[in-house]
Amino acid sequence: MIASSNALAAERVPAANTMNRDTPAIDIRNVSCRFISPDGKATVALRDFTMSVAQGEFCAIVGPTGCGKSTTLSLITGLLKPTVGEVRIMGEPVNGIDPRIGFVFQSDAVFPWRSVLHNVAAGPLFRGKPKDAAYALAEEWVRRVGLNKFSNHYPHQLSGGMRKRVALAQTFINSPEILLMDEPFSALDMQTRTLMQDELLQLWSSQSGSVVFVTHDLEEAIALADKVYVLTARPATLKSVYEIDLPRPRVMSEVRYEQRFIDISRKIWSDLREEVQMT
């Protein structure tokens, strides 16, 4: 663990921006997205999809396999443009890659030829931070994710959970105002996954950026998020939105057994199951 559970109760530090707090961090309005295959066949991935993520809010997206959950992340990053509709970041239309956005992938996006410390320092160096300052900051983040004894190890010498900690440090070291996560813990065993979920909540609570977390795991979505978006089967559109009123701070190994968690899980699953059965 990177910190004790008492650290979760610490007051969250606002993200550093001067934007009006009422302006959504992410605003997707009536977006449809269509792909054309090499043989000329059109496939609609998203249809009339709308989502708004407040500054500092943790949102999760769930839906049937292949419905287009990850497509929403590509739209936010600017890697994909909507066929119809509009995507805004901090009140401005998306126009290319935004440096305020961090991304954690399902697979480990670490440099295999770099040590842990060099991997974590890579982002600040790329952004023009002086070398001494970049490595001092990297040492701090390596310590924060509990890898200070492994700073000179290479990715192939680390467990899956350790590599995921490196990925989190790589992302959070840049203080992203928006964090996009595409099933980042799906390849981990249950015990490691639970630890990583707790560590994510601790890191997020210290920076208060906005998060969009794509997952197939409904329990994971409920335990982590302030709000859960349920997508329909493809072509995906927004079916429903659930406010998760579980109090924070949350400890993953405990929150799943609370009666309110069970009640919310049953309610959302009854909604999601209809879409899963259609695939």
Side-chain angles (χ1 to χ4, degrees), residues 1-17 25-26 53-60 73 99-106 108-110 116-117 119-124 127 134 136-151 158-188 191-215 217 220-221 223-227 244 246-255:
M1 297 286 291
I2 60 172
S4 68
S5 58
N6 291 335
L8 289 168
E11 183 179 357
R12 292 172 60 191
V13 179
N17 69 68
I26 302 167
V53 180
Q55 294 180 51
E57 188 173 42
F58 196 127
C59 293
L73 302 185
R100 295 172 293 184
I101 296 176
F103 207 125
V104 180
F105 300 90
Q106 182 175 356
D108 299 319
V110 295
V116 168
L117 182 63
N119 261 291
V120 177
R127 291 167 181 246
L137 190 59
E139 287 176 354
E140 170 64 16
W141 274 98
V142 168
R143 184 194 64 77
R144 289 186 68 173
V145 299
L147 292 176
N148 47 304
K149 294 182 179 179
F150 300 89
S151 61
L158 305 176
S159 68
M162 287 177 172
R163 289 195 298 272
K164 195 58 66 176
R165 291 183 186 190
V166 175
L168 289 176
Q170 283 178 311
T171 303
F172 277 98
I173 195 173
N174 296 314
S175 300
E177 294 181 40
I178 294 172
L179 178 60
L180 307 179
M181 309 190 78
D182 193 355
E183 299 195 65
F185 308 139
S186 61
L188 303 177
Q191 294 87 348
T192 305
R193 186 171 185 165
T194 299
L195 291 174
M196 293 306 305
Q197 290 162 344
D198 277 330
E199 294 191 3
L200 169 62
L201 287 179
Q202 291 177 47
L203 293 172
W204 169 67
S205 69
S206 72
Q207 292 197 351
S208 290
S210 304
V211 180
V212 179
F213 190 101
V214 166
T215 179
D217 186 334
E220 180 176 60
L224 291 172
D226 299 314
K227 191 183 293 179
I244 308 302
L246 297 170
R248 296 191 187 276
R250 300 176 192 168
V251 179
M252 301 301 292
S253 60
E254 299 173 5
V255 70

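Computed over heavy atoms, backbone and side chain alike; hydrogens, waters and symmetry mates excluded.
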Kindly say whether Val214 contributes a backbone atom to a donor-acceptor pair with the side chain of Asp182 at under 3.5 angstrom? no

Kindly say whether Glu177 contributes a backbone atom to a donor-acceptor pair with the side chain of Arg100 at under 3.5 angstrom? no

Please give me the minimum heavy-atom distance between Gln170 and Val110, naming the atom from each residue. OE1-CG1, 3.5 Å

Closest heavy-atom pair, Thr194 versus Ser253, reported as atoms and distance to 0.1 Å, is CG2-N, 4.1 Å

Between Arg248 and Ser205, does any side-chain donor sit less than 3.5 Å from a side-chain acceptor? no

From CZ (Arg127) to CD1 (Ile173), nearest 0.5 Å: 10.0 Å

For a 4.5 angstrom cut-off between non-hydrogen side-chain atoms, does Trp141 reach Leu203? yes

Is there side-chain contact between Pro124 and Asn174, with heavy atoms separated by less than 4.5 Å? yes

Among Phe172, Phe58, Phe103, Trp204, find the one that has a side chain to side chain contact (heavy atoms under 4.5 Å, CB included) with Leu179. Phe172

Ignoring hydrogens, what is the shortest heavy-atom contact between Gln207 and Ser175? Give both atom names and the distance. OE1-CA, 3.6 Å

Do Met162 and Val116 touch side chain to side chain, with heavy atoms closer than 4.5 Å? no

Go through the steps to decide whether Leu224 and Arg250 satisfy the test side-chain contact (heavy atoms from CB on, under 4.5 Å), and finish with yes or no. CA-CA 8 Å; Leu224 291 172; Arg250 300 176 192 168; 5.7 Å; no

Just do the side-chain contact (heavy atoms from CB on, under 4.5 Å) check on Leu73 and Phe105 with the steps written out, would you? CA-CA 11 Å; Leu73 302 185; Phe105 300 90; over 6 Å; no

Is there a side-chain contact between Leu201 and Pro249 in this structure, where contact means two heavy atoms from C-beta onward sitting under 4.5 Å apart? no

Which heavy atom of Gln106 sits nearest a heavy atom of Ser186, and at what distance? NE2-OG, 3.0 Å

What residues form a salt bridge (charged side-chain N to carboxylate O under 4.0 Å, His left out) with Glu183, not counting sequence neighbours? none

Going through the checks in order, is the side-chain contact (heavy atoms from CB on, under 4.5 Å) test met by Val104 and Met181? CA-CA 5 Å; Val104 180; Met181 309 190 78; 3.8 Å; yes

If you measure from CG on Leu200 to CZ on Arg165, what distance do you get to the nearest 0.5 Å? 12.5 Å

Hits for side chain to side chain contact (heavy atoms under 4.5 Å, CB included) against Arg193, two or more places apart or cross-chain, chain-then-number order -> Phe185, Leu188, Gln197, Thr215, Asp217, Glu220

Checking side chain to side chain contact (heavy atoms under 4.5 Å, CB included) against Val142, which of Leu147, Leu137, Val166 comes through? Leu147

Using only atom types and a distance under 3.5 Å, with no angle test, would you say the side chain of Ser210 pairs donor to acceptor with the backbone of Ala54? yes

Are Ser151 and Arg143 side-chain neighbours, meaning at least one heavy-atom pair lies under 4.5 Å? no

So, for Ala169 and Val120, which heavy atoms are closest and what is the spacing to 0.1 Å? CB-CG2, 3.9 Å

Considering non-hydrogen atoms only, spot the tightest contact between Ile244 and Ala225 and give its length. CB-O, 3.4 Å

